[in-house]
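Side chains are part of it too, since the values below use all heavy atoms of this structure and drop only hydrogens, waters and symmetry mates.
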Amino acid sequence: MADAVIEDLYRATFTDRLITPDENADLISTLQELQTIQDGSSTPPALTPDKLVWVRAAAFRIACEYLVEDGDADDPREENVKLLKTINAVVHALETTCLVPSLEEEGGDNFSKEGIEELFKSLYETEDEDGDGDEDGPVISRAEATALQEFLTDEATRPPLSVLIWLRSTAFRLGSQYLNEENDKAKNVALLRSINVIVHTVETTCMTSRPLTLELPPSHTPDADTDFTTAVQTLWNIDSNRLTPHKDYRMDVQSSKHPSNKGDAANDPLFTHVNRQVFQRPTFNAFRSLLDNYSAYTGDEEEVSQKELRENRAFLNAIMETAPMKYCHRYCLAKEVEYDGEPIPEDESDFKNVLNSIWFQLYSRSGGGRRRKLDSSGFEHVFVGEVKNGQVSGFHNWIMFWLEERKGNIDYRGYIKPRSRDSTAQTNDDDPVLTLQFSWNGVEKFVGTSIIGVSPEFELALYTMAFLAGEDENVVTLDTGGECFDLNVKCHKYDGGSKVGSCYVEALAHYED
């Protein structure tokens, strides 16, 4: 739906190859609306950071429909120059709405505008590769794109912040000089594709996605009377980074089994595809960087480097810019809960300190008396997994499962049906809640439940609410759109109740809505 809206808007803009102030305002307004939670909505926003590449590429793709050939206008070349200027204006609106600069104030000592212009021109230069006496349209090779990327990121030649807009506009300005003299549409399409490659490289090296700083509308704002089921359902509804089954990922659940059955009911992996572009999303990217920071075996003391501490903080910063974590914070405030004898702080920076304490501060899970080792944390147990007493403990996150399965470290053994007689729905490849059995590096996990496709912020928000404002067991009903799951959100506290020992969901029943 959002794709069609953007494409229609582009076509309306490119029809006359001019963008008016009103059209520019409409484009910006549409982009902002697509990133916003609407009051009363049961679905998350449509525009997420990983979609930005598509949104910009679509502008070039649709603009190609409006390139002018000889005989289509009095001055075809002038019309095509106007089109390039319009694309530039559209991309500028996208960048100012959806991206933020990542450049530093000072550039490299060897940076020069002249050097950039020469580099861009070299990328647009064409040769007669097919020997027909006619130069072909420009095509930027992967090696050339890599060379441009290295130029823009090299310490000596990186551009300063002050030239960011100039970089992109220069790509268009110089590109207009290489429009085909005979207005050959195929060659001009090749030129637009080359400009898109340059703009993409500039954006990925000099800019970053603007965090989704979503404000919660009244319908999604908790109060003292909001029950836990309502809170969990709201988290699901506003999880804008949740993946879509069959589009962003595909599973093959294969056969069911009883938890006590140690045989393998699945010959193939669980995941057959996951779109790797999702890791361009800030929270997914920050989450993934944490997963190699731990030793799996309890009893092995964890050593936390300064780099790992920075990664923890970067993750907390990223998730606190999302709607699920903002909702989590407000839910805890509305419930007037306390942590460590103090009310939950209203300031988000202080709340991040609470999150850091309950999720990342180390404690001993293996015991050992005076010689006990700091070998575990709530985050490691829940999201990464541990091995204790010869069995897998924790390990409830689907992203970690997929990453380890890709490496060949996971052997998926099959799924386990909810035991309730109320479970009337069949387990399918698109079910977002799955109880399964697997082995991890040869160590067994006989029963574990994961919520598939959700964002890292959804799970951290869910389990944080359970830890701070819930009970040890919290039975809820989650409507995932056509199907419902009765879940028990379990929370075990550790270290005197100040840290997460474990949090996970248990699937009680699964039925059609």
Side-chain angles (χ1 to χ4, degrees), residues 243-276 278 288 291-292 294-300 365 376 380-454 459 480 483 485-488 490 502-511:
L243 273 59
T244 303
H246 303 304
K247 177 184 176 184
D248 297 316
Y249 70 92
R250 291 188 293 273
M251 295 192 301
D252 180 10
V253 296
Q254 299 165 72
S255 300
S256 65
K257 63 182 304 182
H258 191 274
S260 62
N261 179 3
K262 296 183 179 181
D264 196 339
N267 293 326
D268 298 315
L270 173 61
F271 286 98
T272 61
H273 168 74
V274 173
N275 181 4
R276 299 185 190 182
V278 301
R288 186 175 185 174
L291 301 181
D292 62 355
Y294 301 95
S295 169
Y297 289 87
T298 59
D300 290 351
R365 193 178 293 271
S376 184
E380 177 187 7
H381 181 86
V382 173
F383 293 96
V384 183
E386 299 176 295
V387 175
K388 182 179 180 181
N389 298 329
Q391 292 188 9
V392 175
S393 180
F395 203 132
H396 302 293
N397 178 255
W398 75 270
I399 297 174
M400 181 66 178
F401 187 101
W402 169 67
L403 290 171
E404 288 296 285
E405 191 174 57
R406 280 183 62 222
K407 296 175 184 176
N409 297 336
I410 291 280
D411 178 17
Y412 170 62
R413 301 288 182 81
Y415 68 89
I416 299 166
K417 296 180 180 179
R419 289 178 292 179
S420 172
R421 294 179 180 178
D422 295 331
S423 295
T424 56
Q426 295 294 318
T427 299
N428 298 313
D429 295 335
D430 58 358
D431 284 351
V433 179
L434 192 65
T435 301
L436 43 81
Q437 187 180 100
F438 62 93
S439 69
W440 181 30
N441 292 315
V443 184
E444 302 292 335
K445 175 75 174 181
F446 292 107
V447 181
T449 302
S450 294
I451 311 178
I452 310 295
V454 294
E459 286 194 277
T480 62
E483 293 183 307
F485 293 84
D486 288 343
L487 305 173
N488 187 0
K490 293 190 173 184
S502 183
C503 280
Y504 57 95
V505 295
E506 179 185 27
L508 303 178
H510 174 203
Y511 48 92

Inset, instruction - Kindly compute the distance separating CG (L270) from OH (Y249), expressed to the nearest 0.5 Å. - result: 9.5 Å
Inset, instruction - Supply the atom-to-atom distance K388 NZ to R365 CZ, rounded to the nearest 0.5 angstrom. - result: 6.5 Å
Inset, instruction - Using the six-membered ring wherever Trp is involved, compare the ring planes of F395 and W440 and label them parallel, tilted or perpendicular (cut-offs 30° and 60°). - result: perpendicular
Legend entry - Smallest separation among heavy atoms of A265 and S255, with atom names: O-CB, 3.2 Å
Legend entry - Candidate list I451, T427, I416, D429, test side chain to side chain contact (heavy atoms under 4.5 Å, CB included), partner L434, passing option: T427
Inset, instruction - Flag the pair F446 / K262 as yes when at least one side-chain heavy-atom distance between them is below 4.5 Å, and no otherwise. - result: yes
Legend entry - Flag side-chain contact, heavy atom, 4.5 Å: F485 against P418: no
Inset, instruction - First locate atom OG1 of T298, then atom CG of N389, and finally report the distance between them rounded to the nearest 0.5 Å. - result: 6.5 Å
Legend entry - Side-chain touch F271/I410, heavy atoms, less than 4.5 angstrom: no
Inset, instruction - Please check if the side chain of Y511 supplies one atom and the backbone of D486 the other of a donor-acceptor pair under 3.5 Å. - result: no
Inset, instruction - Report yes or no: does Q254 contribute a side-chain atom to a donor-acceptor pair with the main-chain N or O of P269 at less than 3.5 Å? - result: yes
Inset, instruction - Report yes if the side chains of F401 and L436 come closer than 4.5 Å at any heavy-atom pair, otherwise no. - result: yes
Legend entry - Minimum side-chain heavy-atom gap H258-Q437 below 4.5 Å: no
Legend entry - Validation row: L403, L291 side chains within 4.5 angstrom (heavy atoms): yes
Inset, instruction - Would you indicate whether the side-chain heavy atoms of I399 and R288 approach each other to under 4.5 Å? - result: no
Inset, instruction - Please determine, by modelled atom types, if H381 and S502 share a side-chain donor-acceptor pair under 3.5 angstrom. - result: yes
Inset, instruction - Compare every heavy atom of E506 with every heavy atom of K490, then report the nearest pair and how far apart it is. - result: CE-OE1, 3.2 Å
Legend entry - Heavy-atom pair with the smallest gap, counting every atom of W398 and V454: NE1-O, 2.9 Å
Inset, instruction - With side chain to side chain contact (heavy atoms under 4.5 Å, CB included) as the test, would you mind laying out the steps for N428 and E483 before giving the verdict? - result: CA-CA 11 Å; N428 298 313; E483 293 183 307; 4.2 Å; yes
Inset, instruction - Grab the two heavy atoms, one from M251 and one from D431, that are nearest each other, plus how far apart they are. - result: CE-O, 3.6 Å
Inset, instruction - Starting at CG of N409, measure out to OG of S439 and round the result to the nearest 0.5 Å. - result: 10.0 Å
Inset, instruction - Inspect the contact between R413 and D411 and indicate whether a charged nitrogen and a carboxylate oxygen are less than 4.0 angstrom apart. - result: yes
Inset, instruction - Report yes or no: does S450 contribute a side-chain atom to a donor-acceptor pair with the main-chain N or O of H396 at less than 3.5 Å? - result: yes
Inset, instruction - Would you indicate whether the side-chain heavy atoms of N275 and H273 approach each other to under 4.5 Å? - result: yes
Inset, instruction - Return the minimal non-hydrogen interatomic distance between E459 and F383, and the atom names on each side. - result: CB-CE2, 3.8 Å
Inset, instruction - Enter the distance from E386:CD to D300:CG here, rounded to the nearest 0.5 Å. - result: 10.5 Å
Legend entry - Non-hydrogen atoms of K445 and G394 that approach each other most closely: NZ-O, 2.9 Å
